[in-house]
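Working notes, beginning with the structure itself.
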Amino acid sequence: MATTACFIIVSRNDIPIYEAEVGSAAKREDAAQLHQFVLHAALDIVQDLAWTTSAMFLKAIDRFNDLVVSVYVTAGHTRLMLLHDSRNDDGIKSFFQEVHELYIRILLNPLYLPGSRITSSHFDTKVRALARKYL
């Protein structure tokens with residue numbers, strides 16, 4: 001089964017710092033823009049939910065057609081957002097937890113400026129490998 005998945009990390013200032021199309025479905029030319037639009041539209045919902053719960057994994061917070069937006073909010077209010085069409089909550093939670101660990105390693109790098117774009121090819125390779133493993 002082909003899956004559609006778009007993963008994005010949004011800083012606490014609502015600036016996207018990492019984006020990746022990690023699904024195995026055939027790519028449409030307008031899919032990337034549609035996925036970005038749906039994810040950014042869900043930011044308001046995330047903002048409201050983040051202050052009402054102590055959970056980091058917010059599960060499915062929004063839907064668009066057959067796509068679902070799942071979110072993981074870090075302690076520093078960085079949002080890890082995934083647009084997907086699968087129903088694997090445990091796999092998605094594990095994916096978020098491991099990507100969060102990778103993100104912490106990026107933050108510990110003294111050459112990385114927090115809030116700037118993540119351009120590391122190593123980070124990108126690891127995120128894509130985790131997506132293949134869990135999604």
Side-chain angles (χ1 to χ4, degrees):
M1 180 177 104
T3 60
T4 300
C6 179
F7 176 67
I8 188 170
I9 299 176
V10 181
S11 72
R12 66 180 305 140
N13 300 326
D14 294 338
I15 299 169
I17 58 176
Y18 176 78
E19 298 176 38
E21 292 282 336
V22 293
S24 60
K27 306 284 190 270
R28 292 189 352 224
E29 62 185 55
D30 64 339
Q33 290 84 8
L34 175 66
H35 295 166
Q36 288 176 0
F37 179 76
V38 172
L39 286 168
H40 286 284
L43 279 174
D44 291 334
I45 299 168
V46 174
Q47 185 70 23
D48 294 340
L49 285 176
W51 294 105
T52 60
T53 182
S54 62
M56 295 177 95
F57 179 51
L58 301 180
K59 295 190 181 180
I61 60 149
D62 197 10
R63 295 185 183 280
F64 178 78
N65 293 339
D66 61 339
L67 301 174
V68 180
V69 178
S70 295
V71 179
Y72 185 93
V73 182
T74 68
H77 296 288
T78 299
R79 280 75 42 106
L80 285 68
M81 303 178 73
L82 181 68
L83 180 68
H84 59 92
D85 59 2
S86 64
R87 306 284 182 250
N88 182 6
D89 281 344
D90 292 333
I92 292 169
K93 184 175 182 178
S94 297
F95 171 76
F96 278 139
Q97 288 172 337
E98 292 204 28
V99 171
H100 186 208
E101 288 178 20
L102 288 173
Y103 178 65
I104 290 171
R105 288 185 192 147
I106 290 285
L107 288 176
L108 292 174
N109 182 348
L111 301 176
Y112 176 73
L113 179 65
S116 64
R117 279 200 76 78
I118 298 173
T119 57
S120 168
S121 61
H122 178 70
F123 181 83
D124 185 58
T125 304
K126 289 281 195 178
V127 168
R128 291 178 189 279
L130 289 171
R132 281 191 301 276
K133 181 177 177 182
Y134 290 113
L135 304 180

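If you're wondering where the values come from, they're calculated on a predicted model, not measured in any experiment.
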Tell me, do [X] and [Y] make a side-chain contact under 4.5 Å, heavy atoms counted?
{"X": "L102", "Y": "I106", "result": "no"}
{"X": "V71", "Y": "L49", "result": "no"}
{"X": "L82", "Y": "L135", "result": "yes"}
{"X": "S70", "Y": "K59", "result": "no"}
{"X": "M81", "Y": "V46", "result": "yes"}

Do D14 and R79 pass the side chain to side chain contact (heavy atoms under 4.5 Å, CB included) test, and can you show the C-alpha distance, the side-chain angles, and the key distance before you say yes or no? CA-CA 9 Å; D14 294 338; R79 280 75 42 106; 2.5 Å; yes
Pair L43, H40 - check side chain to side chain contact (heavy atoms under 4.5 Å, CB included), show working. CA-CA 5 Å; L43 279 174; H40 286 284; 3.7 Å; yes
Give the minimum heavy-atom separation between T78 and V10, together with the two atoms involved. CG2-O, 3.3 Å
Under the ring-ring contact (aromatic ring centres under 6.0 Å, His included) rule, what pairs show up with a residue in residues 111-135, not counting sequence neighbours? Y18-F123
Taking ring-ring contact (aromatic ring centres under 6.0 Å, His included) as the cut-off, I'd like each qualifying pair that reaches into residues 52-79, sequence neighbours left out, listed once. W51-H77, F57-F96, Y72-F96, Y72-H100
Among residues at least two apart in sequence or on other chains, which ones pass salt bridge (Lys or Arg N to Asp or Glu O under 4.0 Å) with R128? D124
Kindly determine whether D90 and N88 satisfy side chain to side chain contact (heavy atoms under 4.5 Å, CB included), including the steps that lead there. CA-CA 6 Å; D90 292 333; N88 182 6; 4.2 Å; yes
Keeping N13 on the side-chain end and I15 on the backbone end, is there a donor-acceptor pair under 3.5 Å? no
Are any side-chain N or O atoms of R132 and backbone N or O atoms of V22, one a donor and one an acceptor, separated by less than 3.5 Å? no
